[in-house]
Amino acid sequence: MYAIVKTGGKQYKVAPGDKLNIEKLDAAVGDKVELEAICVVDGAKVEADPAKAAATKVTAIILEQFKGEKQLVFKFKKRKNYKKLRGHRQQLTRVQIESVGSAKAEKPAVKKAAKKDDAEKKPAPAKAADKPASEDAE
């Protein structure tokens with residue numbers, strides 16, 4: 001199950017467990033926030049009407065407030081001796097999607113290490129049979 005949410009004038013595709021950077025939200029780290037869903041997809045069922053999709057709750061936890069990479073803004077007019085260089089760093093919020101509707105994020109499964117005994121028991125792959133030498137008829 002996933003949803004398309006709208007925040008900060010942009011749209012994002014989110015599923016439970018996803019982490020994404022969005023424009024700054026006025027909330028403290030660790031707070032839970034609800035995002036506005038405009039489309040919800042649950043298997044073959046698609047709810048594309050924003051009014052009906054807004055009934056679906058998309059909850060997220062704020063992980064961090066930070067500044068993005070510096071974006072340079074250079075203004076230039078040829079033959080007029082006009083140059084301006086400005087920089088901008090956008091305030092961002094990193095969030096983790098906790099749930100979309102009734103679907104909750106699952107904790108990642110712990111992978112088991114392969115044992116040496118299992119590797120030794122597996123037979124080696126069979127090699128291709130040698131091709132018979134072709135006879136030259138000259």
Side-chain angles (χ1 to χ4, degrees):
M1 176 176 213
Y2 69 89
I4 308 294
V5 297
K6 181 178 172 183
T7 180
K10 298 176 182 70
Q11 297 176 3
Y12 302 93
K13 177 183 173 184
V14 297
D18 287 354
K19 294 180 184 178
L20 64 143
N21 301 331
I22 59 177
E23 288 194 21
K24 185 176 181 186
L25 298 175
D26 292 328
V29 174
D31 288 352
K32 289 186 180 182
V33 293
E34 285 191 17
L35 303 174
E36 177 188 351
I38 58 172
C39 178
V40 179
V41 178
D42 186 14
K45 182 182 173 189
V46 177
E47 186 58 60
D49 182 22
K52 292 180 182 178
T56 303
K57 291 185 179 181
V58 179
T59 58
I61 299 173
I62 295 181
L63 301 176
E64 170 183 19
Q65 302 279 6
F66 67 103
K67 282 180 148 184
E69 293 291 319
K70 187 166 206 169
Q71 301 294 318
L72 296 179
V73 180
F74 183 68
K75 297 181 180 181
F76 170 79
K77 294 190 179 183
K78 61 183 179 180
R79 297 186 304 270
K80 304 296 181 197
N81 197 20
Y82 176 79
K83 295 178 197 172
K84 279 190 181 180
L85 179 64
R86 300 285 185 260
H88 173 74
R89 291 185 70 187
Q90 183 69 40
Q91 297 284 337
L92 299 173
T93 301
R94 181 170 287 125
V95 297
Q96 180 173 10
I97 304 301
E98 187 177 52
S99 65
V100 175
S102 61
K104 298 208 176 201
E106 297 179 10
K107 293 183 179 178
V110 178
K111 294 182 180 179
K112 295 181 180 179
K115 295 181 181 178
K116 291 182 181 179
D117 297 337
D118 292 339
E120 292 174 359
K121 291 180 183 178
K122 293 181 183 177
K127 294 182 179 179
D130 293 333
K131 295 181 181 178
S134 60
E135 296 178 19
D136 292 333
E138 270 192 32

Do the side-chain N and O atoms of Thr59 and Glu34 include a donor-acceptor pair separated by under 3.5 angstrom? no
Nearest heavy atoms of [X] and [Y], plus distance in Å:
| X | Y | value |
| --- | --- | --- |
| Ile61 | Gly30 | CG2-O, 4.2 Å |
| Cys39 | Ala53 | N-CB, 3.8 Å |
| Ile97 | Ala15 | CB-O, 3.5 Å |
| Val100 | Ala3 | CG1-CB, 3.8 Å |

Using 0.5 Å steps for rounding, measure from the [atom1] atom of [X] to the [atom2] atom of [Y].
| X | Y | atom1 | atom2 | result |
| --- | --- | --- | --- | --- |
| Lys75 | Lys83 | NZ | NZ | 16.0 Å |
| Met1 | Lys45 | CE | NZ | 7.5 Å |
| Leu25 | Leu92 | CG | CG | 10.0 Å |
| Lys80 | Tyr82 | NZ | OH | 13.5 Å |
| Ile22 | Ile62 | CD1 | CD1 | 7.5 Å |
| Phe66 | Gln91 | CZ | CD | 10.0 Å |

Checking the side chain of Glu36 only, and the main-chain atoms of Val58 only, is there a donor and an acceptor separated by less than 3.5 Å? no
Contact between Leu63 and Lys19 at the side-chain level, heavy atoms closer than 4.5 Å - yes or no?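 The answer is yes; the side chains approach within 4.5 Å.
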Name of the residue among Lys10, Lys67, Arg94 meeting salt bridge (Lys or Arg N to Asp or Glu O under 4.0 Å) with Glu23: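 Of the listed options, the one satisfying the test is Lys10.
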